[in-house]
Each structure stands twice: as C-alpha cells, then as structure tokens.
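Please read all numbers here as calculations on a predicted model, not as lab measurements.
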Amino acid sequence: MPSQETPSSGGLDRALNGLGTLMIVLSAVTPASSVFIIVPGVIALAGTGSFLSFLFAAIIGLFMAFVYAELSSAYPTAGGEYTMIGRTLGRFWGFVTLVLVFISIVLIIAVVALGVGTYLGVLLPNLNAQWVGVATIILAGIVAALRIKLNAFVTGIFLGIEMLALLVLVALGFINIERPLSSLFTSPQFSTLQPIRWFRLQRV
C-alpha cells in the first residue's frame with residue numbers, strides 16, 4: 001500500500017509544503033483579527049486584568065497544540081477535530097464535535113466579518129458594517145474555493161499584512177507606556193466603559 005495517496009487513487013492531493021501549511025494554520029488562527037476585534041471587547045469587560053486571562057489561555061492552548069499534534073500524527077486524515085475524536089472516542093462523539101465546530105466556525109466568521117466593517121467604518125463613516133460583513137464572507141468564500149496552493153499564497157499575503165499591523169501596534173504600545181507593566185499582575189484596572197457603549201464609540 002503506498003504511503004501517500006494521490007488524486008488518481010481517490011485520495012486528497014497533498015500539495016502543500018511545510019511553509020504553505022504553516023500559513024494556512026496561522027491564518028486560520030486570525031492573529032490580527034483576534035487582537036483588533038476580540039481583544040478590545042475582552043478589555044472592555046475585564047480591563048487590564050484580561051492580560052492574565054490571555055496568559056492562562058496561552059498555556060492551555062500550548063497543551064492543546066501538543067494534543068492536536070499527537071492526534072493528527074496518529075490519524076493523518078482530512079476532517080480535523082471531528083475525525084480525530086471520532087476515531088478515538090467513537091462516531092457519536094465525532095458527530096457531536098462536528099456540530100460544535102460548525103456552530104463555532106459560523107459565529108467566528110460572523111464576528112470577524114462584522115469587525116472588518118467596524119474598522120472600515122472609521123475611514124468611511126457612512127459605511128454599513130453589516131453589508132461589509134456580507135461582502136467579506138463572500139470574498140473569503142471565493143478564496144477558499146480556489147486551489148489549495150493559491151489559497152495558501154493569498155492567505156500568506158494577508159498573514160504578512162496582519163503581522164505587520166501587530167508589530168506596529170506593539171511598537172506603539174511600548175513607545176507610549178502610561179503605567180508600569182508590573183501593574184498587569186499586581187493591580188489590574190477595570191474599564192469604566194460598558195461593552196455595548198465601547199462598541200458604539202468605535203463606530204463614531
């Protein structure tokens with residue numbers, strides 16, 4: 001039995017190299033979208049105390065990465081979480097995982113798409129964030145339908161832009177430090193803005 005399936009044998013074409021796979025994975029994590037869209041909402045709720053929550057989440061994420069690495073090595077098939085859980089715990093739990101992943105992906109895509117409209121609304125005040133979100137999802141769907149190599153190339157370009165934006169943000173943060181970094185651990189400060197009010201201010 002061959003060690004690698006080919007399209008002619010009915011399997012998937014393993015066309016990505018290590019770099020392309022890395023770009024796809026990092027783009028799926030959406031580092032800039034998480035920082036610019038999700039993190040501000042968390043800070044509005046927990047203030048600077050959110051730093052500790054992100055630190056603990058990073059530790060949990062590290063161990064999750066080890067688990068994913070072991071399971072994906074043991075079951076190198078397409079399907080992600082539901083395939084691995086289905087192989088280890090049974091088809092029922094694999095199906096449950098499939099449903100949960102489907103729901104979470106739909107919600108994540110909606111949040112990121114609406115976040116794009118929110119930030120573009122700063123440049124174009126009369127822009128409708130909802131329709132921008134719809135256009136974003138349509139464009140993302142078109143890119144996702146392309147061949148995997150071209151998909152990896154396009155997502156790699158956007159990933160580079162995201163990382164550049166994060167580097168600029170980090171540089172500006174360290175240039176304009178207002179309080180000691182130790183305050184993140186010793187005396188976390190809570191925001192006086194309510195989350196809904198905070199999101200409204202971002203639209204002004």
Side-chain angles (χ1 to χ4, degrees), residues 1-39 41-42 50-113 115-116 136-137 139-167 169-170:
M1 182 176 181
S3 59
Q4 181 173 339
E5 293 181 344
T6 60
S8 58
S9 63
L12 298 176
D13 183 11
R14 299 180 180 181
L16 283 182
N17 55 19
L19 179 60
T21 303
L22 181 63
M23 288 182 178
I24 288 288
V25 172
L26 292 179
S27 298
V29 179
T30 61
S33 299
S34 301
V35 171
F36 290 109
I37 297 174
I38 297 176
V39 170
V42 177
S50 57
F51 176 80
L52 291 177
S53 66
F54 287 128
L55 181 61
F56 294 140
I59 296 174
I60 295 174
L62 177 62
F63 287 106
M64 288 180 63
F66 291 151
V67 173
Y68 272 63
E70 290 292 336
L71 289 176
S72 60
S73 298
Y75 305 106
T77 57
E81 293 95 335
Y82 65 86
T83 299
M84 295 184 292
I85 292 179
R87 294 289 185 90
T88 55
L89 300 180
R91 298 180 63 181
F92 172 77
W93 293 111
F95 176 76
V96 171
T97 304
L98 172 63
V99 174
L100 294 176
V101 169
F102 176 78
I103 295 174
S104 64
I105 287 178
V106 170
L107 295 177
I108 290 173
I109 291 176
V111 170
V112 173
V116 172
T136 301
I137 292 175
L139 291 175
I142 294 174
V143 174
L146 301 175
R147 290 184 60 84
I148 190 65
K149 283 188 176 181
L150 182 58
N151 197 314
F153 177 74
V154 173
T155 54
I157 292 176
F158 281 99
L159 178 63
I161 297 174
E162 289 184 58
M163 299 308 297
L164 180 60
L166 290 178
L167 289 176
L169 179 65
V170 170

Sequence neighbours excluded and cut-off under 3.5 Å, please list the side-chain donor-acceptor pairs for residues 99-107, or say none.
residue: Ser104; atom: OG; partner: Leu100; partner atom: O; Å: 3.2
residue: Ser104; atom: OG; partner: Val101; partner atom: O; Å: 2.8

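- Of all heavy-atom pairs between Ile137 and Ala113, the closest is CG1-CB, 3.8 Å.
- For residues 89-99, no pair satisfies side-chain hydrogen bond (donor to acceptor under 3.5 Å, both in side chains), with sequence neighbours left out.
- The local environment of CZ in Phe95 is sparse, with at most 12 non-hydrogen atoms from other residues, nucleotides or ligands closer than 6.0 Å.
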Give every donor-acceptor pair under 3.5 Å between a side-chain atom in residues 53-62 and any protein atom, sequence neighbours left out.
residue: Ser53; atom: OG; partner: Ser50; partner atom: O; Å: 2.5

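- Residues meeting the side chain to side chain contact (heavy atoms under 4.5 Å, CB included) test with Leu164, sequence neighbours left out: none.
- A distance of 7.5 Å separates OH in Tyr75 from CZ in Arg87, rounded to the nearest 0.5 Å.
- For Tyr68, the side chain to side chain donor-acceptor pair (under 3.5 Å) test picks out Glu81, with sequence neighbours left out.
- Considering every non-hydrogen atom in both Ser73 and Ala69, the closest pair reads OG-O, 2.8 Å.
- Every residue two or more places apart in sequence or in another chain that forms a side chain to side chain contact (heavy atoms under 4.5 Å, CB included) with Leu169 is listed here: Val35, Phe36.
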